[in-house]
Amino acid sequence: MGVKVVKFGGSSLADAGQIKKAAAIIKSDADRRFVVPSAPGKRFSEDIKVTDMLYACYEKASLGEDFTPDFENIKRRYYEIIEGLGLTLSLEEQFAQIKANLAHAGREYAASRGEYLNGIVIAAYLDFTFIDAADVIVFSDEGVMLRHETVAKLRERLKDVEHAVIPGFYGRSLSGVVRTFSRGGSDVTGSLVARALHAQVYENWTDVSGVLVADPRVVDDPVVIPVITYKELRELSYMGFSVLHEDAIFPVRTAGIPINIRNTNSPEDAGTLIVADDDATEDPSLRTITGIAGKKGFAAVNMEKAMMNSEVGFVRDVLNVFADMGILVEHMPSGIDTLSIIADAAALEGREEQLLAALRKAVNPDHVEIEPDIALLAVVGRGMRRTRGTAARIFASLAHARINVKMIDQGSSELNVIVGVNEHDLHQAIRCIYDAFIASTL
Ligand code: ASP
């Protein structure tokens, strides 16, 4: 019997009804012994997350303004939950302490109380041990989480504990100050707990039934990805997929622990399993393409020079210009006498002339220009390695939709085909690749 660490996001714990669903999920599997909750999130689209209410309270408190009405609203949310769960639990002591500390204990302390209080309530409801994350998640005084220290503390504290609730998002620095991760950081806490316990799986419960093949704002009702590798997820996240907090991957990935994204509102769905490459080899659900992502906001710096290919050091000199100006190079497609550098358009803004002058000086090109409004599209899939003709199908579908391809880049891993298109073609391009590879197989 292995241990499962289960993290529930804010929308999964937004009110008593949601917490009951989460509790039923936890109780339905005896392996689900360690729970990492977020603070209560939105109950409806215009609602405010408790974390945001706390930030707002802190702003007022730090300016010496009256924050009592805001604080009362937060209290009300917890008492509604407590009542809805049928608990007789008083948080008066905790609220009094938080109120007294609010102005001087710092913004991160204030924000962390959302998870802290929710952890106490959920532990009481489940009858699990409450473990304050401040005692087990260790930060440096600069606010960087210290992984080795954290994992050691977690192991020590949890070694004889049968069931526990460990609130997400925060910890304590070496000198005793409460610190938080960046937004969405409860994912990181869950990952650290899973790592410390050598969990069999890290379940991340949210309000969608897994990672979708494409952005649902672009493609109607896209299908869920059943299994994705960490590498594929990284490629897609880089291009804008937001699945988990970035720092949540490393602790479990290096320990070979899979992450399962699940839906609290639809627990019968299998969700998406995120696994290491080797664990994905025998996957019967494998499609040629795992996911399609796109991102706007790039520019191409196009250079042309006769006999460029025989000029030793040409590329190095070009890259030095970008490095000297601190501009990150995203992609570098090239031809015999042409070279393009794709970069973040925002990094070039206001510096176009300076960049062009530096390039002229460094490599004396016959022609150099900056082409704005470029979007990049990533077609990602470990299945591409075994399927011939994938690139042909991608480009045929784009050609069919009359989309002009500006750049093509395929990494040596054959995991990812990156296509540059004009920004206004991006959504259409995603849709036609989805139709060609996914919709047509359903
Ligand atoms: N409650 C925090 C936030 O809203 C952390 C989390 O939910 O993961 O960002």
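Only this structure's heavy atoms are used, side chains among them; waters, hydrogens and symmetry mates stay out. Ligands are counted one by one from 1 in listed order, and the atoms in each one are counted from 1 as well.
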Show the atom names and distances, to 0.1 Å, of all donor-acceptor pairs under 3.5 Å that link a side chain in residues 115-122 to residues at least two apart or in another chain.
residue, atom, partner, partner atom, Å
Glu115, OE2, Ala39, N, 2.9
Glu115, OE2, Ser186, OG, 3.4
Asn118, ND2, Ser38, O, 2.8

**OP:** Inspect the surroundings of CG in Leu174 and state if more than 12 heavy atoms from other residues, nucleotides or ligands are less than 6.0 Å away.
**Re:** yes
**OP:** Look at atom 6 (C) of ligand 1 and say which protein heavy atom is nearest, naming residue and atom and giving the distance to 0.1 Å.
**Re:** Ser186 OG, 3.3 Å
**OP:** Name the closest protein heavy atom to atom 5 (C) of ligand 1, giving the residue it belongs to and the distance to 0.1 Å.
**Re:** Glu115 OE2, 3.4 Å
Original post:
Is Arg382 salt-bridged to Glu414, going by a charged N under 4.0 Å from an acidic O?
Top reply: no
Original post:
For atom 7 (O) of ligand 1, which candidate among Ser38, Ser11, Gly184, Pro167 holds the nearest heavy atom?
Top reply: Ser38
Original post:
Considering only heavy atoms from C-beta outward, does the side chain of Trp205 approach that of Pro37 to under 4.5 Å?
Top reply: no
Subject >> Whether Gly185 lies under 4.0 Å from ligand 1, heavy atom >> reply: yes
Can I get a per-line list of side-chain donor-acceptor pairs under 3.5 Å for residues 4-15, giving both atom names and the distance, sequence neighbours left out?
residue, atom, partner, partner atom, Å
Lys4, NZ, Asp29, OD2, 2.6
Lys7, NZ, Asp187, OD1, 2.9
Ser11, OG, Asp207, OD2, 3.1
Ser12, OG, Thr264, OG1, 2.7
Asp15, OD1, Gly17, N, 3.2
Asp15, OD1, Gln18, N, 2.9

Original post:
What residue and heavy atom of the protein are closest to atom 3 (C) of ligand 1, and at what distance?
Top reply: Arg183 NE, 3.3 Å
